[in-house]
Amino acid sequence: GEDVEQSLFLSVREGDSSVINCTYTDSSSTYLYWYKQEPGAGLQLLTYIFSNMDMKQDQRLTVLLNKKDKHLSLRIADTQTGDSAIYFCAEYGTGKLIFGQGTTLQVKP
Amino acid sequence: EAGVTQSPTHLIKTRGQQATLRCSPISGHTSVYWYQQALGLGLQFLLWYDEGEERNRGNFPPRFSGRQFPNYSSELNVNALELEDSALYLCATKDRGAGELFFGEGSRLTVL
């Protein structure tokens with residue numbers, strides 16, 4: 001069945017790079033997404049990648065996709081305290097987004 | 001340009017009542033997705049509407065229903081409310097040919 005897995009927690013120092021990893025199972029996924037959720041808020045779309053791409057870079061964000069291993073990662077360069085939030089990866093296929101459990105990113109000053 | 005808007009922001013109901021939540025998509029978006037985010041359960045897919053039709057449904061009982069209007073806005077109805085329906089209900093919209101899928105800020109439903 002469809003499943004998306006993420007590690008639950010990541011702690012980094014301000015200024016370091018953060019790498020959040022995600023694995024998925026649906027090989028028919030067309031798009032893969034990264035969302036950010038701050039307390040009490042909705043989901044903010046950070047970036048997405050089409051399934052036939054390997055990499056996408058957008059300012060401080062770099063997404064890497066290994067389709068063979070069904071592995072997706074989000075790298076945040078120069079992580080700031082304002083990046084502290086829950087990050088969700090999601091795959092889109094068969095008319096719905098399937099989300100991972102979310103990774104809580106803690107940024108220490 | 002306005003983003004995805006949801007109303008009401010907060011809603012308090014008692015068990016057995018009905019709740020109606022609304023979603024207005026970004027201009028040009030024809031697809032609307034509804035998700036439930038309950039504490040400890042993550043984001044669960046509820047419904048997908050596109051061009052006025054229900055296209056996909058998650059593993060929820062029939063008392064969760066909805067519709068999409070000709071202007072592509074959407075309504076989610078939850079009948080016979082139960083305590084465990086307390087959650088943040090999120091709506092997302094998408095242009096069928098594009099990749100971006102944007103969420104609203106959600107409607108927080110509390111069932112007492």
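So that the names make sense, note that chain A is the first sequence line, chain B the second, and so on, each numbered from 1. Just so it is clear, the structure is predicted and the values come from calculations on it, not from any experiment. Hydrogens, waters and symmetry mates are skipped; everything else that's a heavy atom, side chains included, is used.
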Does B/N59 have more than 12 heavy atoms from other residues, nucleotides or ligands lying within 6.0 Å of its CG?
no
A/L65 and A/L45: same hydrophobic cluster, using ILVMFWY side-chain contacts below 4.5 Å?
yes
Is there side-chain contact between A/L97 and B/K94, with heavy atoms separated by less than 4.5 Å?
no
Counting only N and O atoms by type, is there a donor-acceptor contact under 3.5 Å from the side chain of A/Y33 to the main-chain atoms of B/G99?
yes
Atom pair OH (B/Y35) and CG (A/L43), whose distance is rounded to the nearest 0.5 Å:
10.0 Å
With respect to chain A, which residue among B/Q44, B/R55, B/E100, B/R108 yields the maximal number of heavy-atom pairs within a distance under 4.5 Å?
B/E100
Hphob cluster co-occupancy, A/L61 + A/L10, side-chain heavy atoms under 4.5 angstrom:
yes
Please check: side-chain N/O of B/E105 versus main-chain N/O of A/G42, any donor-acceptor pairing under 3.5 Å?
yes
So how far is it from A/Q44 CD to B/F103 CZ, rounded to the nearest 0.5 Å?
12.5 Å
Should we say atom CD of B/E84 is surrounded by more than 12 heavy atoms from elsewhere, each under 6.0 Å from it?
yes
List, one per line, each side-chain donor-acceptor pair under 3.5 Å for residues 100-109 of chain A, sequence neighbours excluded.
unit_1: A/Q101; atom_1: OE1; unit_2: A/Q6; atom_2: N; d: 3.0
unit_1: A/Q101; atom_1: NE2; unit_2: A/E5; atom_2: OE1; d: 3.4
unit_1: A/T103; atom_1: OG1; unit_2: A/Q6; atom_2: NE2; d: 3.0
unit_1: A/T103; atom_1: OG1; unit_2: A/S7; atom_2: O; d: 2.5
unit_1: A/Q106; atom_1: OE1; unit_2: A/S11; atom_2: OG; d: 3.0

Please determine whether the number of non-hydrogen atoms from other residues, nucleotides or ligands lying under 6.0 Å from atom CZ of B/R15 exceeds 12.
no
Region of A/F50 that comes under 4.5 Å of a non-hydrogen atom in chain B
neither
Quick check on B/L39: does its CG atom have over 12 non-hydrogen neighbours (other residues, nucleotides or ligands) under 6.0 Å away?
no
Using non-hydrogen atoms and a 4.5 Å limit, figure out which bit of B/Q37 sits close to chain A: side chain, backbone, both or neither.
side chain
With rounding to the nearest 0.5 angstrom, report the CG to OH distance, B/L101 to A/Y92.
7.0 Å
